[in-house]
Amino acid sequence: MPTLRFFNSLTRQKEVFEPVTPGHVGMYVCGPTVSGESHLGHARPFITFDILFRYLMHLGYKVRYVRNITDAGHFEEEGRVAEDKISTKAVLEKLEPMELVQKYTNMFHWAMHQFNNLEPSIEPTATGHIVEQIVMIERIIADGYAYVVNGSVYFDVEKYHRDFEGRGMAYGVLSGRVLDDQLETTRVLSSQDEKRNKSDFALWKHAAPEHIMQWKSPWGMGFPGWHIECSAMSNKYLGERFDIHGGGMDLQFPHHECEIAQSAVCNHQIPARYWLHNNMITINGKKMGKSYNNVIKLSELFGGHHSMLEQPYSPMTVRFFILQTHYRSTLDFGNEALQAAERGLKRMWEAFGHLEKLDVAATGGQQAGDPVQDAQCQRLLDEAEESMTDDLNTAKVMANFFELVPVINSFRDGHVQLSSITATTLKRLQQVFRTYLVDIFGLRDEKPSDSGRLDSVMQLLIDIRREARSRKDFATSDKIRNQLQSMGIQLKDEKDGRVSWTYL
RNA sequence: GGUACCGUGGCCGAGUGGCUAGGCAGAGGUCUGCAAAACCUCGUACAGCAGUUCGAAUCUGCUCGGUACCUCCA
């Protein structure tokens with residue numbers, strides 16, 4: 001197994017990855033809040049961590065990947081009337097809360113399927129783990145790190161920080177925030193609040209009778225705070241200490257910071273060893289987010305129905321677009337960039353198809369006809385595989401693959417003899433491309449799958465055109481080519497007289 | 001205001017002390033009946049200023065510009 005290195009947000013540096021239990025990896029990724037439809041920004045973590053999931057399995061790890069569904073409501077804004085986000089919207093849409101949650105969960109799953117993301121090992125819901133959350137809250141109260149006010153329970157951040165700072169679990173370890181600063185600036189503002197300090201956060205919220213989503217608890221009817229579900233569920237399915245905790249950078253604070261505090265009280269340690277955070281997708285340099293009013297929903301993206309879109313973009317184009325950037329960099333949305341991804345993917349995918357058809361028998365066998373060429377291929381593959389171990393540098397892997405594209409195409413066109421490389425090198429090319437593009441990056445063909453019959457029809461047209469051309473009847477041959485073109489099918493005249501076709 | 005991060009050629013984006021990624025777009029060429037596709041060639045970019053160094057896009061300082069988090073947020 002190669003040595004993996006990840007940038008750990010907790011230590012702010014790249015670290016060698018060593019799982020708690022050799023050969024096994026426990027990974028928790030914060031899933032979606034199913035109170036609305038997913039947008040492009042949401043796609044990033046789920047694609048990024050899907051690739052990590054696939055990669056770890058490829059390396060031979062047995063991985064348990066837990067990704068939750070947040071289907072219990074959160075309160076909107078502190079200081080205002082605490083309200084259950086999901087319930088409020090449910091009333092507006094005249095739906096049962098669970099009906100709404102189900103609808104958006106289904107849409108989320110649909111989107112994940114479009115992206116060819118593997119299903120996580122466990123996808124627990126917050127509503128399905130109310131009991132576990134209550135138990136955890138009781139434990140925190142018993143240890144003296146939470147207090148009850150009017151049927152709500154709050155985590156005492158200041159006390160926690162005082163007691164745990166010396167043990168390396170200060171409130172702020174993950175985000176680098178200094179609690180004292182926050183206390184100073186917030187104390188005055190919080191006088192009318194139930195909380196002792198503004199930095200305290202809710203573990204359980206009292207629900208007014210009109211709230212639809214509420215559960216019985218030792219503190220009365222209510223619903224869980226936002227952070228507790230992840231602590232309870234990760235603990236239940238991955239244990240007190242697991243390997244990787246992932247999510248968007250915007251969750252680093254307060255969400256993940258609070259998770260650490262909750263778990264630290266219960267289990268006396270930071271729950272995960274490696275904290276991985278993907279950066280944001282931006283649009284015109286600004287983070288894509290509901291509050292900025294600049295989101296492009298996934299259905300809009302795939303359908304092209306949005307004022308900012310010049311055309312629809314397929315799920316694989318989006319996946320490829322995300323792959324071409326390192327996950328810790330911001331990724332700026334733009335039509336030009338998406339179109340570049342679309343074309344790049346097409347080129348890569350077609351070269352991959354050609355590569356698979358190259359015949360080992362035509363190679364130089366044991367002997368490379370062009371040792372320089374052969375070594376170059378091997379070097380680019382080596383480098384690609386190394387890039388992946390270095391904090392998941394998918395962009396570098398793709399760059400190396402792109403350097404191999406003209407080489408592959410040259411073999412195919414006969415510009416360069418396949419005998420210039422050894423059988424071993426060709427086999428490795430084929431194997432590495434397939435492994436990375438298909439198994440790890442999760443790319444797949446998006447062509448309609450009725451091609452069996454269509455192939456025959458196309459062959460007929462190609463034959464007719466060939467005959468017309470041999471008679472120098474270019475009117476007919478051009479008609480076939482141009483009509484097909486306008487239907488989205490492109491004929492390609494190859495070097496050796498063969499004709500192939502592709503979708504535009 | 002506090003805390004981080006970033007500023008790379010027309011666009012998107014890796015990299016990070018010397019060996020000038022990559023994609024898309026663009027230009028020229030080969031091929032072609034003409035195209036397309038493919039292949040070949042071409043852009044010496046790293047916000048600005050000063051410093052460290054034999055050598056900096058890469059390190060240090062300052063300036064300018066931008067972003068994120070501090071509130072729900074992937």
Side-chain angles (χ1 to χ4, degrees), chain A residues 9 12 29-33 35 38-49 74-80 85 172 175-178 181-182 184-186 198-199 226 246-255 257 277-282 285-292 295 320-321 324-326 328-348 350-351 354 383 387 393-403 405-410 412-416 469 472-474 477-478 481-482 485 490-495 499-502 504:
Chain A
S9 303
R12 284 168 211 93
V29 173
C30 292
T33 301
S35 62
S38 299
H39 63 255
L40 177 58
H42 298 122
R44 174 106 103 144
F46 304 131
I47 289 174
T48 299
F49 290 106
H74 300 146
F75 27 91
E76 285 287 16
E77 261 181 299
E78 295 296 350
R80 295 196 189 171
K85 194 157 81 181
S175 58
R177 237 150 276 265
V178 180
D181 294 351
Q182 292 190 269
E184 265 173 45
T185 54
T186 55
K198 203 194 169 192
S199 54
W226 175 36
M249 257 177 197
D250 49 357
L251 295 184
Q252 197 171 338
F253 189 90
H255 184 55
E257 197 71 65
H277 292 99
N278 64 275
N279 215 136
M280 301 293 103
I281 286 186
T282 59
K286 267 248 186 296
K287 173 183 167 183
M288 185 178 287
K290 265 171 268 177
S291 27
Y292 297 103
V295 302
F320 188 79
F321 177 61
Q324 272 195 299
T325 309
H326 187 93
R328 280 192 296 110
S329 300
T330 55
L331 173 55
D332 201 49
F333 165 89
N335 279 285
E336 239 184 310
L338 261 305
Q339 281 158 18
E342 185 180 85
R343 287 173 195 170
L345 171 60
K346 185 165 185 271
R347 189 166 132 85
M348 175 62 68
E350 289 185 356
H354 298 152
E383 237 179 59
S387 301
N393 197 338
T394 57
K396 187 69 171 62
V397 177
M398 287 308 318
N400 278 38
F401 281 14
F402 267 114
E403 287 203 64
V405 165
V407 176
I408 292 165
N409 287 332
S410 293
R412 194 232 179 196
D413 290 347
H415 285 134
V416 179
R469 290 180 71 197
K472 299 221 187 297
D473 177 5
F474 297 124
S477 73
D478 286 355
R481 184 223 282 158
N482 296 338
Q485 177 101 12
Q490 179 180 53
L491 292 182
K492 296 199 270 195
D493 293 321
E494 311 291 347
K495 286 269 164 274
V499 180
S500 63
W501 61 277
T502 179
L504 284 171

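To find a chain, count down the sequence lines: A is the first, B the second, and so on, and within it residues start at 1. Hydrogens, waters and symmetry mates play no part in the numbers below; they use all other heavy atoms, side chains included.
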Checklist entry - Reading nucleotides 34-42 of chain B 5' to 3', which nucleotides get B (base under 4.0 Å from a protein heavy atom), which S (sugar-phosphate only), which -? => result BBBBBSS--
Item to check | Per-nucleotide pairing state of RNA chain B [Watson-Crick or G-U, under 3.5 Å; [ ] pseudoknot-crossing; | other strand] | outcome: (((((((..(((.....[...))).(((((.......)))))....(((((..]....))))))))))))....
Between [M] and [N], how far apart are the [atom1] atoms? Round to whole Å, please.
| N | M | atom1 | answer |
| --- | --- | --- | --- |
| B/rC19 | B/rG26 | P | 30 Å |
| B/rC46 | B/rG10 | P | 10 Å |
| B/rG66 | B/rC72 | C1' | 24 Å |

Next on the checklist: Does B/rA25 have its OP1 or OP2 closer than 4.0 Å to a side-chain nitrogen or oxygen of A/Arg343?
Outcome noted: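 For B/rA25, OP1 or OP2 has a side-chain N or O of A/Arg343 closer than 4.0 Å.
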Item to check | Below 4.0 Å: OP1/OP2 of B/rU67 and any side-chain N or O of A/Lys286 | outcome: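 Yes, A/Lys286 has a side-chain N/O under 4.0 Å of OP1/OP2 on B/rU67.
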Nearest-angstrom distance from the residue atom [atom1] of [X] to [atom2] of [N]:
| X | N | atom1 | atom2 | value |
| --- | --- | --- | --- | --- |
| A/Tyr292 | B/rU71 | OH | P | 13 Å |
| A/His326 | B/rG15 | NE2 | P | 7 Å |
| A/Asn279 | B/rC69 | CG | C1' | 11 Å |

How is [X] classified with respect to the nucleic acid when contacts are heavy atoms under 4.0 Å: base, sugar-phosphate, or nothing?
| X | result |
| --- | --- |
| A/Ser329 | sugar-phosphate |
| A/Ser387 | nothing |
| A/Lys472 | nothing |

Checklist entry - If we require ring centres under 5.5 Å and near-parallel planes under 30°, does A/Phe474 stack on B/rG33? => result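 A/Phe474 ring centre within cut-off of B/rG33 base, planes near parallel; stacks.
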Next on the checklist: Closest approach to the side chain of A/Glu336, judged atom by atom: which nucleotide of B/rA74, B/rG10, B/rG13 is it?
Outcome noted: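 Closest of the options to the side chain of A/Glu336: B/rG10.
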Checklist entry - Closest to the A/Glu403 side chain: B/rC72, B/rG22, B/rA74? => result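 Nearest to the side chain of A/Glu403 among the choices is B/rG22.
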Item to check | A/Lys286 bridged to A/Asp332 by N-O distance under 4.0 Å | outcome: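 No, this pair does not count.
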